[in-house]
Structure formats: C-alpha cells, structure tokens
K.L.:
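Here it is: the structure, laid out below.
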Amino acid sequence: AHGRRLQWLRARALQRLGMGGILAVMLSTHAPLSAAVFSVLPLLVVCTLLFRRAATRLYRQIRLRVSRLNIAMQENITGMRVIQLFHREERSFRDFDAINAEHAQWWRKAIASHNSFQVLLQFLQVMALGILWGYGSWRCAGGDPSITVGLLMAFTVYTRYFFRPILDLSEKYNILL
C-alpha cells in the first residue's frame, strides 16, 4: 500500500512539473534514453509550424465567411420591406444559403486539419515510445546494466507525460483560433 501511494504521489508530482520538469527528470535519470525519446522533437517542431501556418490561413477564411454571414443577415433584416416588396425572398434565401454553405465548407477543412494534426502528434508519441523501447531493448540485450525493464517503463510514463501538454496545447490553440 505504501508503494502504491508513493507511486501515485510521484505521478501527480510529474504532472505538476510540466514539460520542463519532465525533461529535467528524464535527462537526470538516463541521458541516452532521453536522447532516444527526444529524437522525434525536430519532426514535432516542423509539423507544428506547418500546422500553425495552415490553421492560420483556414481560420482567416472562416472569419471572412462569418463576416459575410453577418453582412448578409444585416442586409436581409434591414431591407426586409424592400425584399418583400420586390418578391425577392427566395433569392435572398438562396444567397444566404450559399454563403452559409461556404462557411461550413471552410469549417470542415479546419476540423480536418486539426484532426490530422492530433493524429500526427499521437503518432509522434508512439514513434518516440517505439524508439525508446527499441533502443532500450537493444542496449539491455547488449548487456548494459544501467537499463532495466523498470527504467523503460518509467521512461514510457515520462514520455506520455511529456507529450500530454503538447496535445493539450494543440487543443487550446484550436479553441483560440
């Protein structure tokens, strides 16, 4: 029971440390294994920069479509008598539906982009874990006494804690835009 409680406290402390703290714990525990895990970071940076560029473009287009929706709504509301006088209700509905459909199309593109980025981040996490276990197993099989199954399990947990804030940040970035 005492061991489980200590393990639970350690896990909570790691969650509170954030990426910098986990990075420090990993490097101080075993630098070569840390380097194996962090070998995916260049790919992570490149993918993040590409996603940010694409997301910025997509969300600009969405904001433009929202502006067009607001303009169309305002024109239809303020010009209601004129629209009714000239029997242009159907045309106003069609025009508004076209603007709304365009807005929905850009939203679908943004959602697809965000979902693709989430999948890519999860793939990079799995790739980091695969590299960790491949490299760790190779070193362990080669007779390295500093690498044990327990150390590999600890680094598996550290790696997941390291990637969790990255996944959370990508969610928050999507919400902010």
Side-chain angles (χ1 to χ4, degrees), residues 8 11-26 34 36-134 155-177:
W8 181 83
R12 295 303 160 252
L14 281 173
Q15 286 177 340
R16 304 273 188 269
L17 285 175
M19 289 177 64
I22 292 170
L23 178 77
V25 168
M26 290 174 80
S34 300
V37 169
F38 300 143
S39 65
V40 300
L41 289 182
L43 283 172
L44 177 70
V45 169
V46 168
C47 292
T48 301
L49 292 174
L50 290 173
F51 169 72
R52 187 179 72 179
R53 183 180 303 150
T56 301
R57 182 182 61 83
L58 288 167
Y59 285 109
R60 276 189 191 135
Q61 291 298 322
I62 289 169
R63 284 191 295 274
L64 175 67
R65 293 332 184 264
V66 168
S67 296
R68 289 181 182 169
L69 279 171
N70 288 337
I71 290 168
M73 183 77 80
Q74 181 64 30
E75 286 177 352
N76 285 332
I77 290 172
T78 57
M80 185 61 70
R81 288 186 183 179
V82 175
I83 291 170
Q84 290 172 342
L85 182 65
F86 289 104
H87 304 288
R88 297 184 52 108
E89 294 94 342
E90 280 299 318
R91 183 173 177 188
S92 292
F93 282 132
R94 280 194 313 269
D95 291 347
F96 186 81
D97 285 343
I99 295 169
N100 195 29
E102 194 176 334
H103 172 253
Q105 178 184 1
W106 281 100
W107 259 116
R108 283 191 294 276
K109 288 179 183 179
I111 290 169
S113 172
H114 174 71
N115 288 341
S116 299
F117 184 61
Q118 284 290 320
V119 168
L120 186 62
L121 287 178
Q122 291 172 359
F123 173 75
L124 289 175
Q125 179 182 7
V126 169
M127 192 166 115
L129 290 170
I131 291 169
L132 166 72
W133 277 90
F155 264 77
T156 300
V157 172
Y158 296 157
T159 301
R160 288 190 175 148
Y161 282 140
F162 181 78
F163 274 89
R164 184 174 293 152
I166 296 169
L167 291 165
D168 290 345
L169 278 174
S170 73
E171 273 299 320
K172 289 179 177 108
Y173 186 76
N174 186 49
I175 290 168
L176 286 174
L177 293 178

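Start at 1 with the first residue, then count along the sequence.
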K.L.:
Between Trp107 and Ile62, is the side-chain contact (heavy atoms from CB on, under 4.5 Å) condition met? List the steps.
P.N.:
CA-CA 7 Å; Trp107 259 116; Ile62 289 169; 3.5 Å; yes

K.L.:
Do the side chains of Leu167 and Gln125 get nearer than 4.5 Å, heavy atoms only?
P.N.:
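A side-chain contact under 4.5 Å exists here.
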
K.L.:
Just by distance, do the side chain of Asn100 and the backbone of Phe96 share a donor-acceptor pair under 3.5 Å?
P.N.:
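Absent.
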
K.L.:
Could you check whether any side-chain heavy atom of Gln61 comes within less than 4.5 Å of a side-chain heavy atom of Lys109, counting everything from C-beta outward?
P.N.:
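No. Closest side-chain heavy atoms not under 4.5 Å.
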
K.L.:
Should Leu41 and Phe162 count as side-chain neighbours, where that means a heavy-atom distance under 4.5 Å?
P.N.:
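The answer is yes, as the side chains (C-beta and beyond) meet within the 4.5 Å cut-off.
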
K.L.:
Working note: Phe38 + Leu23, criterion side-chain contact (heavy atoms from CB on, under 4.5 Å); need CA distance, chi angles, decisive distance, verdict.
P.N.:
CA-CA 9 Å; Phe38 300 143; Leu23 178 77; 3.1 Å; yes

K.L.:
Mark yes or no for whether Ser34, through its side chain, and Met26, through its backbone, hold a donor-acceptor pair below 3.5 Å.
P.N.:
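Pair found, side chain donor or acceptor close to backbone of Met26.
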
K.L.:
Report the C-alpha separation of Arg164 and Asp168 in whole Å, then their side-chain angles, then the decisive distance to 0.1 Å, and conclude whether the side-chain contact (heavy atoms from CB on, under 4.5 Å) test is met.
P.N.:
CA-CA 6 Å; Arg164 184 174 293 152; Asp168 290 345; 3.8 Å; yes

K.L.:
Testing the basics here: between Val37 and Ala128, what is the closest heavy-atom pair and its distance to 0.1 Å?
P.N.:
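Closest approach of Val37 to Ala128, heavy atoms only: O-CB, 3.8 Å.
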
K.L.:
Can you find a heavy atom in the side chain of Ile83 that is under 4.5 Å from one in the side chain of Arg91?
P.N.:
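Answer no - side chains too far apart.
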
K.L.:
For the residue pair Trp106 and Leu58, establish whether any side-chain heavy-atom pair is separated by less than 4.5 Å.
P.N.:
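The answer is yes; the side chains approach within 4.5 Å.
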
K.L.:
Below 4.5 Å, heavy atoms only, C-beta onward: do Leu69 and Arg65 meet side chain to side chain?
P.N.:
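Sidechains of Arg65 and Leu69: no contact.
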
K.L.:
Consider side-chain contact (heavy atoms from CB on, under 4.5 Å). Of Val40, Thr48, Val46, which one does Leu44 pass it with?
P.N.:
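The passing option is Thr48.
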
K.L.:
Please find out if less than 6.0 Å separates the ring center of Tyr158 from that of Phe155.
P.N.:
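Yes: the rings meet the under 6.0 Å criterion.
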
K.L.:
Just wondering, more than 12 heavy atoms not from Met19 lying within 6.0 Å of its CE?
P.N.:
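More than 12 within 6.0 Å, yes.
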
K.L.:
Is there a side-chain contact between Ile99 and Glu102, using heavy atoms and a 4.5 Å cut-off?
P.N.:
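No. Closest side-chain heavy atoms not under 4.5 Å.
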
K.L.:
Can you confirm whether Phe51 sits close enough to His114 that some side-chain heavy atom of one is under 4.5 Å from a side-chain heavy atom of the other?
P.N.:
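Sidechains of His114 and Phe51: in contact.
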
